[in-house]
Number of protein chains: 2
Amino acid sequence: MAKITIRDVAREAGVSISTVSNALNDVDVLNPATKLHVLEVAERLNYVPNLNGKMLKSGKTMMLGFFTTSVSGPYFYKLIETMSRQCERHGYGLNVFVTKDKQVIMSNILGRRVDGVIIYEELKIDEHDIEIMQKDKIKAVFLDRAFSNDTMGSVTFDSYAAGYEAAKYLIGLGHKRIAYISGVDTMFDSVRRRDGYLAALKEYGLPFDGDYVIQGYFEEDSTFNAIKAFIRMHASKLPTAFLAGNDLSAMGCVQALKAHGYEVPGDVSVVGFDDIDIAQYFSPPLTTVRNPIARQAILTVDHLVRMIQGKEEGQSQTLTGELIVRASSHVPVD
Amino acid sequence: MAKITIRDVAREAGVSISTVSNALNDVDVLNPATKLHVLEVAERLNYVPNLNGKMLKSGKTMMLGFFTTSVSGPYFYKLIETMSRQCERHGYGLNVFVTKDKQVIMSNILGRRVDGVIIYEELKIDEHDIEIMQKDKIKAVFLDRAFSNDTMGSVTFDSYAAGYEAAKYLIGLGHKRIAYISGVDTMFDSVRRRDGYLAALKEYGLPFDGDYVIQGYFEEDSTFNAIKAFIRMHASKLPTAFLAGNDLSAMGCVQALKAHGYEVPGDVSVVGFDDIDIAQYFSPPLTTVRNPIARQAILTVDHLVRMIQGKEEGQSQTLTGELIVRASSHVPVD
DNA sequence: CCTTTTTATAAAAACGTTTTTATGAAATTA
DNA sequence: TAATTTCATAAAAACGTTTTTATAAAAAGG
């Protein structure tokens with residue numbers, strides 16, 4: 001009683017395998033009666049087409065690949081859930097690969113396990129890899145960097161502008177000592193937000209103190225620890241505001257400040273990025289620059305699908321943030 | 001310049017395709033010189049084997065499938081990241097399917113897109129589906145329910161015991177009015193935690209009030225709203241403790257209480273389940289029953305891989321929680 | 001009523017691999 | 001040296017589909 005194939009259905013129904021295939025794929029070239037009969041037999045035998053055979057022959061897997069080094073945090077799961085739903089809408093599945101192994105990534109992409117790929121992976125794919133992908137006409141959309149050629153697509157968030165806007169907002173409130181909480185330097189978004197922050201400082205003539213860029217890894221708990229250490233070091237003269245590279249680190253920062261007896265925003269203001277779902281329920285509700293994650297997810301999938309269908313060439317789309325002022329920021333006390 | 005295949009490599013190297021295959025797959029039957037030459041040519045042509053051809057012929061995809069209806073929240077991304085890493089260790093990839101469409105699930109499973117499946121999906125797969133999977137000798141491990149037969153595996157968390165323990169702990173502190181914040185009734189874990197809680201109430205002779213089971217959907221923000229509504233309704237006589245079905249809802253509950261001016265644990269105690277990473281950094285740090293997610297992930301993948309290798313039959317494994325007492329719970333004030 | 005077109009189905013080729021079987025040359029044995 | 005074994009490689013079959021081509025019967029046209 002091995003796995004039944006199209007051949008078994010054909011034999012049982014007394015027709016050829018091409019007839020079965022046509023019946024199942026709804027190619028209307030068959031006598032309706034035959035088609036019905038075949039379908040009935042297939043149903044009775046619980047026949048399910050083998051996808052590997054199907055994929056090999058058709059050259060299509062009807063799967064999109066999402067390659068990422070991490071799925072931690074609200075940014076990713078919002079992205080993944082929205083992309084998944086959007087894929088389903090187009091008749092595709094989404095294959096999520098969580099790996100840092102470039103070998104794994106490239107062999108899955110070039111080996112055609114998926115029809116198109118979405119890549120978020122912080123610098124690991126280099127120019128040479130991209131060249132190889134171009135030669136193979138791989139359809140790809142990047143989420144963490146923009147492209148100027150027309151074979152690769154990208155849908156990015158303008159993190160530089162967001163960093164600049166957030167810093168400008170704090171400066172506008174009167175803050176003079178503003179610290180930045182970064183991720184790691186391989187994360188494009190972290191670096192660009194920081195650069196925007198630096199640009200604003202410069203524009204308004206505020207001095208930049210190297211100590212004021214704190215590594216928080218974009219996570220709540222590691223930021224919590226980093227800020228506690230920072231507070232111990234700078235207790236005499238704390239910044240009046242922290243600009244955190246994402247909402248999670250903003251939350252960790254707030255917790256650390258509270259743990260040391262500081263009030264937010266009474267003593268210190270904290271601003272984040274992304275506007276993840278929890279941000280508005282946090283205590284205090286977070287001021288943040290909204291990153292339209294769901295929109296990014298939808299645009300990405302739509303763009304990739306159209307690229308696969310040959311309806312569109314790769315293009316760079318940039319989404320801009322929106323400053324959401326809530327309770328975690330205030331004019332400085334001193 | 002279409003995609004190059006094993007045939008192109010063979011032609012270019014002046015050998016047969018079987019020789020190329022043997023060289024690439026390291027079958028030591030070849031003259032070392034030939035093998036080296038073939039490898040060199042393959043490298044030069046940037047040959048990457050087509051996975052669909054490979055999968056069809058070998059009958060193996062070297063992929064495990066994870067089917068889930070949601071990836072929201074720390075429970076899932078911890079699970080997914082850990083499972084991914086563990087898969088990689090075994091030479092497998094992890095294919096994450098986020099869908100509620102049973103048709104999608106079944107056709108991917110029965111169509112052999114993956115070599116084995118891990119299923120978390122709250123009641124949608126019924127006995128009949130399982131029967132079909134058994135007939136097809138599908139290797140599967142369930143994360144949300146246990147099995148007594150030996151074709152399906154399961155690695156579950158003993159939520160009933162966890163609910164019982166947590167409630168008993170609160171009762172031991174002296175609490176008499178304890179509310180439970182549930183997910184939805186299709187979630188096994190939510191229901192079992194609640195049943196454990198009810199059992200403890202009964203055992204210690206505490207009355208059960210139907211109003212005291214509040215639906216929070218296992219999310220922070222919806223719980224926040226649900227508890228606010230609950231507080232408005234029951235302001236005169238609030239429970240002295242909330243047992244939340246998971247840490248996220250515990251956090252939402254705390255935020256809602258704070259928003260209404262209650263102190264935790266000063267006025268009200270709150271206890272959660274899971275011990276997600278943030279729990280210890282939350283303010284106040286959460287008392288919770290630790291759910292060994294990473295261990296569940298690793299056990300699951302290991303078990304499934306051994307089932308695929310034929311080294312093991314499906315079996316039910318149960319993990320037990322551990323009560324972690326932190327600052328969010330206290331003896332009642334009245 | 002014979003030829004052409006249409007219709008319905010079957011047969012065969014193809015997708016890109018791996019694996020089994022075949023083949024011929026070299027090495028070993030008798 | 002003839003017969004056997006070993007070695008290295010090639011040829012062919014197979015995996016389960018879809019798609020292209022072929023075939024036979026029925027319908028239409030003159």
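Labels below follow one simple rule: chain letters A, B, ... track the order of the sequence lines, proteins then strands, and each chain is numbered from 1.
Atoms CD1 (B/I6) and P (C/dT19) sit 11 Å apart, rounded to a whole Å. Atom CZ of B/R113 is separated from atom P of D/dT17 by 14 Å (rounded to the nearest Å). Here C/dC15 presents its P atom at 8 Å from CZ of B/R7, a figure rounded to the nearest Å. Put simply, CG on A/N50 is 10 Å from P on D/dT18, counting in whole angstrom units. To the nearest angstrom, P of D/dT18 lies 12 Å from CG of B/L56. D/dG16 atom P lies 19 Å from atom NZ of B/K54, rounded to whole Å. Look at CG on B/L51: it is 13 Å from P on C/dG16, rounded to the nearest Å. Distance CE (A/M55) to P (C/dT17): 14 Å, rounded to an integer number of Å.
Looking at A/D136 and B/K3, a side-chain N of the basic residue comes within less than 4.0 Å of a carboxylate O on the acidic one, giving a salt bridge.
Within 4.0 Å (heavy atoms only), B/T5 reaches sugar-phosphate atoms of the nucleic acid but no base atom.
Checking the phosphate oxygens (OP1, OP2) of D/dC15, no side-chain nitrogen or oxygen of A/N52 falls inside 4.0 Å. An OP1 or OP2 oxygen of D/dT9 is reached within less than 4.0 angstrom by no side-chain nitrogen or oxygen of B/S18. Contact between the side-chain N/O atoms of A/Y47 and the OP1/OP2 oxygens of D/dG16 is not found at any separation under 4.0 Å.
For DNA chain D, the residues of residues 27-34 of chain B within the heavy-atom distance limit of 4.0 Å (strictly under) are B/V29, B/L30, B/N31, B/T34, sorted by number. Contacts of residues 8-17 of chain B with DNA chain C (heavy atom under 4.0 Å): B/I17.
A/Q134 contributes no side-chain N or O that, together with a main-chain N or O of A/T151, makes up a donor-acceptor pair within less than 3.5 Å. A donor-acceptor pair under 3.5 Å links the side-chain atoms of B/S316 to the main chain of B/F147, judged by distance alone.
Partner of B/S159 under the side-chain hydrogen bond (donor to acceptor under 3.5 Å, both in side chains) criterion, chosen from B/N291, B/D189, B/T318: B/D189. Across A/N22, A/D28, A/D26, a single residue satisfies side-chain hydrogen bond (donor to acceptor under 3.5 Å, both in side chains) together with A/K35, and that is A/D26.
Between B/T19 and A/L24, the one whose closest nucleotide on DNA chain D sits nearer the 5' end is B/T19.
The ring of A/F66 has its center no closer than 6.0 angstrom to the ring center of A/Y120.
Here the nucleotide nearest the side chain of B/N22, chosen from D/dT17, D/dT19, C/dT19, is C/dT19.
Looking at B/E312 and B/H303, their side chains do bring a donor and an acceptor atom within 3.5 Å of each other.
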Checklist entry - Run the salt bridge (Lys or Arg N to Asp or Glu O under 4.0 Å) check on B/D115 and B/K139 step by step: do they pass? => result CA-CA 7 Å; B/D115 293 345; B/K139 306 299 180 187; over 6 Å; no

Next on the checklist: Run B/S18 and B/S21 through side-chain hydrogen bond (donor to acceptor under 3.5 Å, both in side chains) and show every step you take.
Outcome noted: CA-CA 5 Å; B/S18 37; B/S21 178; over 6 Å; no

